[in-house]
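Lettering of chains follows the sequences in order, A, B, ..., and the numbering in each one begins at 1.
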Protein chains: 2
Amino acid sequence: MTTPPETPPAAPVAKRPVPEATVTRLAVYLRLLGEFAENGAETVSSEELATASGVNSAKLRKDLSYLGSYGTRGVGYDVASLQHQLERVLGLDHHQSVALVGVGNLGHALAGYAGFAGRGFPVSAMFDVDPDLVGIRINGIEVGHVRDIEAVCRDRGVTIGMVATPGPAAQGVCDLLVRGGVQSILNFAPVVLQVPADVEVRKVDLAVELQVLAFHVARRHVAGGSDGAGATASARAGGTNDGDMNVGTNGSVVSPR
Amino acid sequence: MTTPPETPPAAPVAKRPVPEATVTRLAVYLRLLGEFAENGAETVSSEELATASGVNSAKLRKDLSYLGSYGTRGVGYDVASLQHQLERVLGLDHHQSVALVGVGNLGHALAGYAGFAGRGFPVSAMFDVDPDLVGIRINGIEVGHVRDIEAVCRDRGVTIGMVATPGPAAQGVCDLLVRGGVQSILNFAPVVLQVPADVEVRKVDLAVELQVLAFHVARRHVAGGSDGAGATASARAGGTNDGDMNVGTNGSVVSPR
DNA sequence: CTGTGTGAATTGCTTCACAGCT
DNA sequence: AGCTGTGAAGCAATTCACACAG
């Protein structure tokens, strides 16, 4: 019976895996840390931050443990320092440049979304095919023609693309973004985008969100009264790779004005 | 008000739990079934539908198995019949009435989102606080004042509320929706809403989506990936709009104007 | 023989509970 | 004491692989 030496050699600074589900929450913690900082807090405990985020404190601590030990036992986490670490892990210290394709109804709203520029994601390029839209300026950015996507993205070092076109056009512009060197795509069109393995896609499908909610309404009818299956007051987030969709948290929405 | 006991007739159909993650995908399958139907398909195999949905076929079969056996071994699933079953499970046979609060930048786009009305979720009420917005009509619906949320929701039997207000206003309108009898809420505001246990909340946070993508971009840098190389890229990106995959009618999202 | 339906194995995420630092 | 960091237990979801229906 040869007992394998079991030598976990080297593996010095082994990259931490950081679960997908955790990454989604890190962004939420970061936003809340900003609020704590505004209120003048120097430190937060896992309990405080967890409650504000709508998760339990053990989960929060485990999430933070993936990025190292930045808390002080018996005290809590230093707000400023933790903010800094989260920004680093989330890649917010690298400059991210965002391109938006499709400046119609939804795209126009996304272009003006205060939560993007305000949180480190200025939209630096926009595209459409409609002659009425190509050439206009939104927030100081001129809308280009879709045919220029590849060149412009390469030129400006765009790392993230947002697709807000009608479904039938989505795969085409996706291909153009990929050829322009875009590594991550946020897809609002109701299609499953085909991309090379090294490109990350996240999908936001509003109709699907409503259908999931409709399911719960229907479920409640069947269940009749109290089924007691209530989660507290948190939202669900799930999914990851492939054609999965997901919701996250954070962002300042739009002012009704 | 008191719903008659609705005597579940011995509940012969021992309802299986239907995992949360599955529900999300069922909505996706339903949309794709619509496209297959448009193309005149009578039946689909799990393999075909799975590929189109971006999941693997075993997962798809397991998902469908939660709602019973509606496939034919050796053949596949009857498209029309499966559509019907999915609609039933997702509660789309019940009439869903949707209210939208916050008709600003994003809210306005949501109001005009073709994917809602086209998929069984007509927005039947809208609200805001801005005097410039209250009273105007969007898609034939008059925007009411936030103070009337409770009464109007009750009156029109609204089951789903969408919150697209700025963060600070979100909890307040959420409370009003709940008092108006709304059972499910789709939250676009960057706050964690507090609701009673019998109300379901889903959160869509656009800034978080971008942060998750940014994480993957940063991660790739660390991994030092050999750039370039499109592995399994797919479609061609010709000069002109090549969005003519087999998307039938269904897919109109936001029309670029 | 084809393709569904499903127990069993696996993987990944969450929760628990407590050792150990301050 | 108080609170973090983390092994280990507990769940939930995904994948495997194959019996069985048409």
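- Within a heavy-atom distance below 4.0 Å of DNA chain C, no residue of residues 36-47 of chain A is found.
- Spacing between atom NZ of A/Lys59 and atom P of C/dG12 amounts to 17 Å, rounded to whole angstrom units.
- Side-chain proximity of A/Glu20 to C/dC13, C/dT14, C/dG7: nearest is C/dC13.
- Applying the side chain to side chain donor-acceptor pair (under 3.5 Å) test to A/Asp63 and every residue at least two apart in sequence or in another chain returns A/Thr22, A/Arg25, A/Tyr29.
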Under 3.5 Å, side-chain donor or acceptor atoms of residues 80-89 of chain A against the rest of the protein: list the pairs with distances, not counting sequence neighbours.
from, atom 1, to, atom 2, distance (Å)
A/Gln85, OE1, A/Tyr70, OH, 3.2
A/Gln85, OE1, A/Arg88, NE, 2.9
A/Gln85, OE1, A/Arg88, NH2, 2.5

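- The side chain to side chain donor-acceptor pair (under 3.5 Å) check on A/Asp93 picks up nothing, with sequence neighbours excluded.
- Judged as a side chain to side chain donor-acceptor pair (under 3.5 Å), and not counting sequence neighbours, A/Arg73 has no contacts.
- Checking C/dC13, C/dT14, C/dT4 against every side-chain atom of A/Pro19, the shortest atom distance belongs to C/dC13.
- Under 3.5 Å, the side chains of B/Asp175 and B/Gln171 contain a donor-acceptor pair of N or O atoms.
- Take A/His95 and apply the ring pair (Phe, Tyr, Trp, His ring centres under 6.0 Å) test, not counting sequence neighbours, and it matches no residue.
- In this structure, A/Arg61 places its CZ atom 12 Å from P of C/dT15, rounding to the nearest Å.
- If you take CG of A/Leu60 and P of C/dC16, they are 15 Å apart, rounded to a whole angstrom.
- For residues 71-79 of chain B, proximity to DNA chain D is found at B/Thr72, B/Arg73, defined as any non-hydrogen atom under 4.0 angstrom from a strand atom.
- The side chain of A/Lys62 approaches D/dA8 more closely than any other nucleotide in the set C/dG5, D/dT14, D/dA8.
- In this view, B/Thr159 and B/Gln96 satisfy the side chain to side chain donor-acceptor pair (under 3.5 Å) rule, not counting sequence neighbours.
- Scanning for side chain to side chain contact (heavy atoms under 4.5 Å, CB included) contacts around B/Ser45 gives B/Glu47, B/Glu48, with sequence neighbours left out.
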